[in-house]
Amino acid sequence: MPLKKGSSQKTVSSNISELVHSGRPQKQAIAIALKTAREARAMGGMSPPKPQTPTASKLHVGPIHSPVAGRTDHLPMHVPSGSYVIPADIVSALGEGNTMAGFRTVKTMFQGASAGQRSLGGFAGSSGEPVAIVAAGGEYVLTPDEVAWAGGGNMDAGHKALDQWVKQTRAETISTLKKLPGPRRD
């Protein structure tokens with residue numbers, strides 16, 4: 001018998017009883033029943049949606065905009081296999097502390113790699129298979145074509161070159177910030 005959806009004490013107790021009677025250990029039954037209740041609460045009492053396989057039109061490439069403050073990985077999405085995610089601090093550094101300016105800079109840098117294949121921020125098709133990731137606002141997803149372009153036509157070389165570029169850009173930014181005067185004291 002399927003478990004009841006809901007988070008009331010009566011529903012949780014009923015689900016625990018059902019699981020114990022079906023042969024589950026009591027601690028496991030409690031854990032499953034509580035998880036079911038949390039999911040029901042999170043969905044506002046609705047059944048959870050069925051997972052869908054992303055289509056090529058739902059793969060995210062380009063800048064990752066976020067309404068949430070901060071740069072923590074909390075945005076689930078699918079990207080093409082072979083993509084490269086430029087970290088938010090690098091994007092911001094390219095824009096001299098301005099993420100939107102950094103997005104424009106990255107777009108300009110890779111303009112020749114995929115001219116006409118991608119729009120600024122959003123979803124686009126690509127040859128890569130979907131890969132589920134959790135990203136942060138301010139990051140930038142490069143397509144597999146852009147990665148290969150960075151590696152002179154070789155995807156592995158592109159990933160290595162981009163890793164090196166990120167490390168070098170980060171080191172230069174840190175060096176520049178260390179040279180700046182501290183905050184002014186009144």
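All heavy atoms count here, side chains included; hydrogens, waters and symmetry mates do not.
Formation of a donor-acceptor pair under 3.5 Å by the Thr173 side chain with backbone atoms of Thr169 is found in this model. Looking at Thr108, its side chain does come within 3.5 Å of a backbone N or O of Arg104 through a donor-acceptor pair. Using a distance-only test at 3.5 Å, with no hydrogens or angles considered, a donor-acceptor pair links the side chain of Thr36 to the main chain of Ile32.
Here the closest non-hydrogen pair linking Ser66 and Leu75 is CB-CD1, 3.8 Å. Gly138 and Phe103 make their closest contact through O-CE2, 3.6 Å (heavy atoms, listed as atom of the first residue, atom of the second, distance). Taking both residues in full, the closest heavy atoms of Leu142 and Glu146 are given as CA-OE1, 3.2 Å, listed atom of the first, atom of the second, then distance. Nearest heavy atoms, Thr11 versus Gly6: CG2-O, 3.9 Å. Looking at every heavy atom in both residues, Met109 comes nearest to Leu94 through SD-CD1, 4.2 Å. Here the closest heavy-atom approach between residue His78 and residue Pro130 is recorded as CD2-CB, 4.2 Å.
A chain of hydrophobic side-chain contacts below 4.5 Å, direct or via other Ile, Leu, Val, Met, Phe, Trp or Tyr residues, connects Val166 to Tyr140. Leu3 and Leu34 fall into different hydrophobic clusters, where Ile, Leu, Val, Met, Phe, Trp and Tyr are joined by side-chain heavy atoms under 4.5 Å apart, directly or via other members.
One finds the CD atom of Gln26 at 10.5 Å from the OG atom of Ser17 (value rounded to the nearest 0.5 Å). Going from atom OG1 of Thr105 over to atom CG of Asn98 covers 9.0 Å, rounded to the nearest 0.5 Å. Rounded to the nearest 0.5 angstrom, Asp89 CG and Thr99 OG1 are separated by 10.0 Å.
Around CD of Glu96, the count of heavy atoms belonging to other residues, nucleotides or ligands within 6.0 Å does not exceed 12.
Sorted by first and then second residue, the pairs that involve residues 159-186 and meet ring-ring contact (aromatic ring centres under 6.0 Å, His included), not counting sequence neighbours, are Tyr84-His159. Residue pairs meeting the ring-ring contact (aromatic ring centres under 6.0 Å, His included) criterion with at least one member in residues 2-36: none, sequence neighbours excluded.
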Kindly determine whether Arg24 and Glu18 satisfy side-chain contact (heavy atoms from CB on, under 4.5 Å), including the steps that lead there. CA-CA 9 Å; Arg24 304 263 186 178; Glu18 176 65 34; over 6 Å; no

Where do Gln164 and Lys160 land on the side-chain contact (heavy atoms from CB on, under 4.5 Å) test, with the steps shown first? CA-CA 6 Å; Gln164 187 61 34; Lys160 287 178 184 175; over 6 Å; no

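The residue from Thr143, Leu59, Val61, Ile133 that alone fulfils the side chain to side chain contact (heavy atoms under 4.5 Å, CB included) condition with Val79 is Ile133.
Grouped with Ile174 in a hydrophobic cluster is no other residue, since no side-chain heavy-atom contact under 4.5 Å to another Ile, Leu, Val, Met, Phe, Trp or Tyr is found.
Residues Val91 and Glu139 are not in side-chain contact: their nearest non-hydrogen atoms beyond the backbone lie 4.5 Å or more apart.
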